[in-house]
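Keep in mind that the numbers below use all heavy atoms, side chains included, and drop hydrogens, waters and symmetry copies. Chain letters run A, B, ... following the sequence lines, proteins first and then strands; every chain starts at 1.
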Amino acid sequence: MENMDEINSIYEKVSKVISRDEYIERVNEKVEQMSGLCDEKTAAMLVAHDLGASDAGQNTVKIAEITPDSGIVNFIGKVISVFDSREFKRNDGTTGKVGNIVVGDETGTIRLTLWDDRAELINSGNIEIGQCLKISGYVKEGYTGLEVNIGDNNMISESDEMVDIKLSSTSISDIKDGMGDINLYGKVLDKWDIREFNRRDGSKGRVCNILIGDSSGKIRLTLWDEKADFAEKIKAGDTVEIINGYARENNFNQEVEIQIGSYGLIKKSDRNVEFRESFTPIADIVAGDLFSIKGHVSGIDEIKEFSRQDGTQDMVANIYVSDETGRIRLALWGEHANTVNDIDIDSRIEVIDAYSKYGLKDEIELNVGNRSKIIVM
DNA sequence: CCCCCCCC
């Protein structure tokens, strides 16, 4: 080829998205298509243009400005996380490939969905965390928020221009059902065992819950499938960083929780997060919610074993706790019943996240179950 | 997409 230096410098703009051989092949095809009306250099520029190269850098937006109606957007983003790509079958029988990465700039983060050859970039290790990318793609509303789709006609390539990431940070108390793109630091307050379950399609899933708090409140995290394993790496008191979580009401008690699925990221952090438990005066407790109280033990019953209608056995012990505002009965279920062996009348006690409801004689009582915690001082 | 709120 003539003008090799020029063609090489044009190729540099798209070298991250196409191999050199394939590029030269496309340039030659373009020359043929144009029946000699354009030279190789022009063809090289046209091919680069088709790949989106000339669009990047023009009309560049910041991530926070991207809306569902943005159409094609050009922006620069720094890679925050890379997820494995996977193959799927199209209706026409061909095999497609799709993969996701999350990028951020100083205004926010967004998920990219890479298709086919672009998804292959993920597998071949061409995309690394911390790298800055020039991106041109089509905006769509996804399950967890906006996503930018990048197919063969769009572009993704290494950027000379760098951007800093300043993750927007959500306060736990501001989290509402349906929110996506949730980034925050939280202190681990409690965690539960990983559970296996069967999906409707017959496959097995795994799920784990972690309770986290920040200075504004606390919320339950739900980690799905391979993300559930993360729970083994952390303990109460650790700080976790969440990137790209999304909030959903769970469908058994309508509490909003943060879900971390295959598009989200959770990792340990060195950051210090303030959390203070908020205790409710016993007199202020109403039925139908979770409460934390602190006070002194003012009554202790014996442990009772019982059988449920379904044949399962369990145990329960009732105790009473008083503070300066009132006195309330607590039912300690399961393992919590053994707490009666560790307390005496007047023991100082804190009970975290007990469920209030009307019990014996229509009086409000607190149920201390496997989501609750008892601290004997 | 998964899970309690049960006893007397």
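- If you check every strand for non-hydrogen atoms under 4.0 Å, A:R220 touches a base.
- Counting non-hydrogen atoms under 4.0 angstrom, A:N318 reaches a base of the nucleic acid.
- Residue pairs meeting the side chain to side chain donor-acceptor pair (under 3.5 Å) criterion with at least one partner in residues 344-363 of chain A, sequence neighbours excluded, are A:K218-A:D353.
- Closest approach of A:G178 to A:R248, counting heavy atoms only: CA-NH1, 3.7 Å.
- In this structure, of B:dC4, B:dC5, B:dC3, it is B:dC4 that holds the atom nearest to the side chain of A:N370.
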Side-chain donor-acceptor distances from residues 91-100 of chain A under 3.5 Å, at least two apart:
from   : atom 1 : to     : atom 2 : distance (Å)
A:D92  : OD1    : A:T94  : N      : 2.9
A:D92  : OD1    : A:T94  : OG1    : 2.6
A:T95  : OG1    : A:K89  : NZ     : 3.1
A:K97  : NZ     : A:E120 : OE1    : 2.6
A:N100 : OD1    : A:R111 : NH1    : 3.0
A:N100 : OD1    : A:T113 : OG1    : 3.1

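- Scanning for side chain to side chain donor-acceptor pair (under 3.5 Å) contacts around A:N341 gives an empty result, with sequence neighbours left out.
- Interface remark: the A:E365 side chain does not form any donor-acceptor pair with the B:dC5 base, using a distance-only criterion of under 3.5 Å.
- Listed in residue order, the members of residues 194-207 of chain A having a heavy atom less than 4.0 Å from DNA chain B are A:R195, A:F197, A:R199, A:V207.
- Using bins of under 30°, 30° to 60° and over 60° for the plane-to-plane angle, the ring pair A:F197/A:W224 lands in the perpendicular bin.
- The stretch residues 349-357 of chain A comes close to DNA chain B through A:Y355, A:K357, each having a heavy atom under 4.0 Å from the strand.
- For A:N250, whose side chain is taken as the heavy atoms from C-beta onward, the closest listed nucleotide among B:dC7, B:dC4, B:dC2 is B:dC2.
- Using a 4.0 Å heavy-atom cutoff across all strands shown, A:T312 reaches no nucleic acid atom at all.
- B:dC1 has its base stacked against the ring of A:W224, the centroids being under 5.5 angstrom apart at an interplanar angle below 30°.
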Can you list, pair by pair, the side-chain donor-acceptor contacts under 3.5 Å of residues 298-305 of chain A, counting residues two or more places apart and other chains?
from   : atom 1 : to     : atom 2 : distance (Å)
A:S298 : OG     : A:S322 : OG     : 2.7
A:S298 : OG     : A:R327 : NE     : 2.9

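- Nearest to the side chain of A:W333, among B:dC1, B:dC5, B:dC6, sits B:dC6.
- Within the nucleic acid shown, A:E255 has no heavy atom closer than 4.0 Å to any nucleic acid atom.
- Residue side chain A:Q313 does not reach the base of B:dC6 through any donor-acceptor N/O pair under 3.5 Å, judged by distance alone.
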